[in-house]
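To start, the structure itself, in C-alpha cells.
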Amino acid sequence: MWQPDGWDVRVRLGVLTPHADVGPESELRAMAPAGVGLHYARVPFGAMGRGGAMAETIPLAPVRAFAESPRVDEAAALLADAPVAVLAYAFTSSSYVIGARGEAYLLARLRERAHGLPVVATCAAAVEALRALGAGRVALVDPPWFDETLNELGRGYYEEAGFEVAYAAPCGLPGGQAQVTPRALHDWVAGQVGDAADAVVIGGNGFRAVGAIAALEATLGRPVLTANQVLLWSALRAAGAGAGGVEGYGRLFTEVV
C-alpha cells in the first residue's frame with residue numbers, strides 16, 4: 001500500500017519566525033488541513049536565548065530590530081527560492097512597535113526580496129479578519145511577556161485601523177512558551193474581557209492560544225481571533241487556496257472562507 005511521502009500537497013506556505021520560537025510551527029501545523037505544506041525560516045531575535053529563554057517582559061529595541069534589514073530580508077529571499085506560494089511573517093510585536101504604516105512598508109520590502117510573492121503579516125491579517133467578521137469593537141489580550149507599553153502600542157495599532165478597543169491588557173497567567181495551557185487561557189480571558197467587545201483578539205505568535213478558540217467562542221458567544229489562526233487564514237487566501245478545510249479553530253474559518 002502506498003504511503004504519504006510529504007510531496008502530495010496542493011499549496012506550500014513559507015513562514016518567517018523568530019529563531020527560538022516554537023509557537024508558530026506548533027500551532028500552524030495543528031490547524032493546517034491536509035494538502036497544506038508548511039516551511040519555516042528562522043530569523044535571529046535578540047530577546048530570545050537558548051531554549052527559548054526570555055526576560056519576564058521583552059524590550060522594545062530587539063522587537064524593532066527584528067523587522068529591520070538585513071536578516072529578515074535575507075531569510076525572506078532564501079525561503080522564497082523554495083516552491084512556496086506565499087510568505088507569512090509570524091511576529092506580532094514588531095507590528096505593534098512600527099505601526100500599521102511601518103508594517104505595510106515592511107511587507108512591501110519583503111515582497112520585493114521574495115521575488116514578488118505575496119507576503120502577509122499577523123496584525124494586518126487580524127485587521128482583515130475583523131473587518132470580514134463585521135467586528136467594530138475589540139478586546140485585546142496579549143502574552144504575559146508583553147509589558148503595558150507594548151500592549152498599549154497594540155491598542156494604538158487597532159485604533160489606528162479604525163476599531164474601538166474596549167479592553168486591552170497583557171494576560172495575567174505565568175509567562176513562557178510552555179507554561180500557558182488552553183484551559184488556563186480560556187478561564188482567564190473569559191473572566192476578564194467583559195461583554196463590550198464584538199470580538200476578542202489574542203496577540204502573540206509565540207503565545208499558546210489556538211487550543212482555546214473553540215471553547216472561548218462557546219463561552220463568550222463572539223468570534224475569537226489568535227495570532228497564528230489569522231496568519232494561516234490570510235496566508236491560505238493570499239495563496240489562492242481558500243481558507244476552507246480548517247476545523248475546530250473558530251468562526252473565522254467557517255464564516256469567512
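FYI, side chains are in, hydrogens and waters are out, and symmetry mates aren't considered; it's all heavy atoms of this structure.
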**OP:** Indicate yes or no: at least one non-hydrogen side-chain atom of Gln192 is less than 4.5 angstrom from one of Val141.
**Re:** no

Show me, pair by pair, the donor-acceptor contacts under 3.5 angstrom made by side chains of residues 249-257, not counting sequence neighbours?
unit_1, atom_1, unit_2, atom_2, d
Arg251, NH2, Gly221, O, 3.2
Thr254, OG1, Arg251, O, 3.1

Subject >> Step-by-step salt bridge (charged side-chain N to carboxylate O under 4.0 Å, His left out) determination, Arg222 to Asp198 >> reply: CA-CA 6 Å; Arg222 285 163 282 170; Asp198 302 322; over 6 Å; no

Original post:
Is the side chain of Asn205 donor-acceptor paired with the backbone N or O of Phe91 at a distance under 3.5 Å, no angle test?
Top reply: yes

Original post:
So how far is it from Arg113 CZ to Leu87 CG, rounded to the nearest 0.5 Å?
Top reply: 11.5 Å

**OP:** State which residues pass side chain to side chain contact (heavy atoms under 4.5 Å, CB included) with Ala82; sequence neighbours excluded, sorted by chain then number.
**Re:** Val84

Original post:
In chain order, what residues pass the side-chain hydrogen bond (donor to acceptor under 3.5 Å, both in side chains) check against Glu27, with sequence neighbours excluded?
Top reply: Asn228

Subject >> Inter- and intrachain pairs under salt bridge (Lys or Arg N to Asp or Glu O under 4.0 Å), touching residues 31-46, at least two apart >> reply: Glu25-Arg42

Original post:
Just by distance, do the side chain of Ser234 and the backbone of Ala125 share a donor-acceptor pair under 3.5 Å?
Top reply: no

**OP:** With sequence neighbours left out, write down each residue that passes salt bridge (Lys or Arg N to Asp or Glu O under 4.0 Å) with Glu148, or none if nothing qualifies.
**Re:** none

Original post:
Hey, what do you get for CG (Leu231) to CG (Leu225), rounding to the nearest 0.5 Å?
Top reply: 12.5 Å

Original post:
Heavy-atom distance under 4.5 Å between the side chains of Ile58 and Ser93, does that happen here?
Top reply: yes

Original post:
What residues form a ring-ring contact (aromatic ring centres under 6.0 Å, His included) with Phe207, not counting sequence neighbours?
Top reply: Trp145

Subject >> Pairwise distance NE2(His19) to CZ(Phe66) - rounded to 0.5 angstrom >> reply: 10.0 Å

Subject >> Arg71: partners by salt bridge (Lys or Arg N to Asp or Glu O under 4.0 Å), with sequence neighbours left out >> reply: none

Original post:
Is there a donor-acceptor pair under 3.5 Å between the side chain of Thr219 and the backbone N or O of Ala215?
Top reply: yes

Original post:
Does any donor atom in the side chain of Ser95 or Tyr89 lie under 3.5 Å from an acceptor atom in the other side chain?
Top reply: no

Original post:
Near Arg183 CZ, under 6.0 Å, is it more than 12 heavy atoms from other residues, nucleotides or ligands?
Top reply: no

**OP:** Please determine which of Val97, Val127, Ile98 meets the side chain to side chain contact (heavy atoms under 4.5 Å, CB included) test together with Tyr157.
**Re:** Val127

Original post:
Do any pairs count as a salt bridge (Lys or Arg N to Asp or Glu O under 4.0 Å) and have a residue in residues 163-175, sequence neighbours left out, and if so which ones?
Top reply: Arg137-Glu164

Original post:
Can you tell me how far CG of Leu140 sits from CD1 of Ile202, rounded to the nearest 0.5 angstrom?
Top reply: 9.5 Å

Original post:
Going through the distances and angles, do Asp21 and Thr17 end up as a side chain to side chain donor-acceptor pair (under 3.5 Å)?
Top reply: CA-CA 7 Å; Asp21 193 347; Thr17 184; 4.6 Å; no

Original post:
Any side-chain heavy atom of Val86 within less than 4.5 Å of one from Val119?
Top reply: no

Original post:
What closest approach, in Å, do Ala239 and Ala85 show between heavy atoms, and which atom pair accounts for it?
Top reply: CB-CB, 3.8 Å

**OP:** Mind checking the CG-OH spacing from Leu60 to Tyr96? Nearest 0.5 Å is all I need.
**Re:** 13.0 Å

Subject >> Side-chain heavy-atom pair Leu232, Leu13 within 4.5 angstrom cut-off >> reply: yes

**OP:** Using side chain to side chain contact (heavy atoms under 4.5 Å, CB included) as the criterion, list what pairs up with Asp147, not counting sequence neighbours.
**Re:** Thr57, Thr149, Leu150

**OP:** Please report the shortest heavy-atom distance between Pro18 and Ala90, naming the atom on each side.
**Re:** CD-O, 3.6 Å

**OP:** Could you tell me the separation between the CG atom of Leu216 and the CG atom of Leu185, rounded to the nearest 0.5 Å?
**Re:** 6.0 Å

Original post:
Counting only N and O atoms by type, is there a donor-acceptor contact under 3.5 Å from the side chain of Arg155 to the main-chain atoms of Val165?
Top reply: yes

Subject >> Within 6.0 angstrom of Glu74 CD, more than 12 heavy atoms from elsewhere >> reply: yes

Original post:
How would you list all residue pairs meeting salt bridge (Lys or Arg N to Asp or Glu O under 4.0 Å) that involve residues 78-104, not counting sequence neighbours?
Top reply: none

Subject >> Contact list for residues 237-246, test salt bridge (Lys or Arg N to Asp or Glu O under 4.0 Å), sequence neighbours left out >> reply: Glu128-Arg237

Original post:
For Pro170, what residues pass the side chain to side chain contact (heavy atoms under 4.5 Å, CB included) criterion, not counting sequence neighbours?
Top reply: Asn151

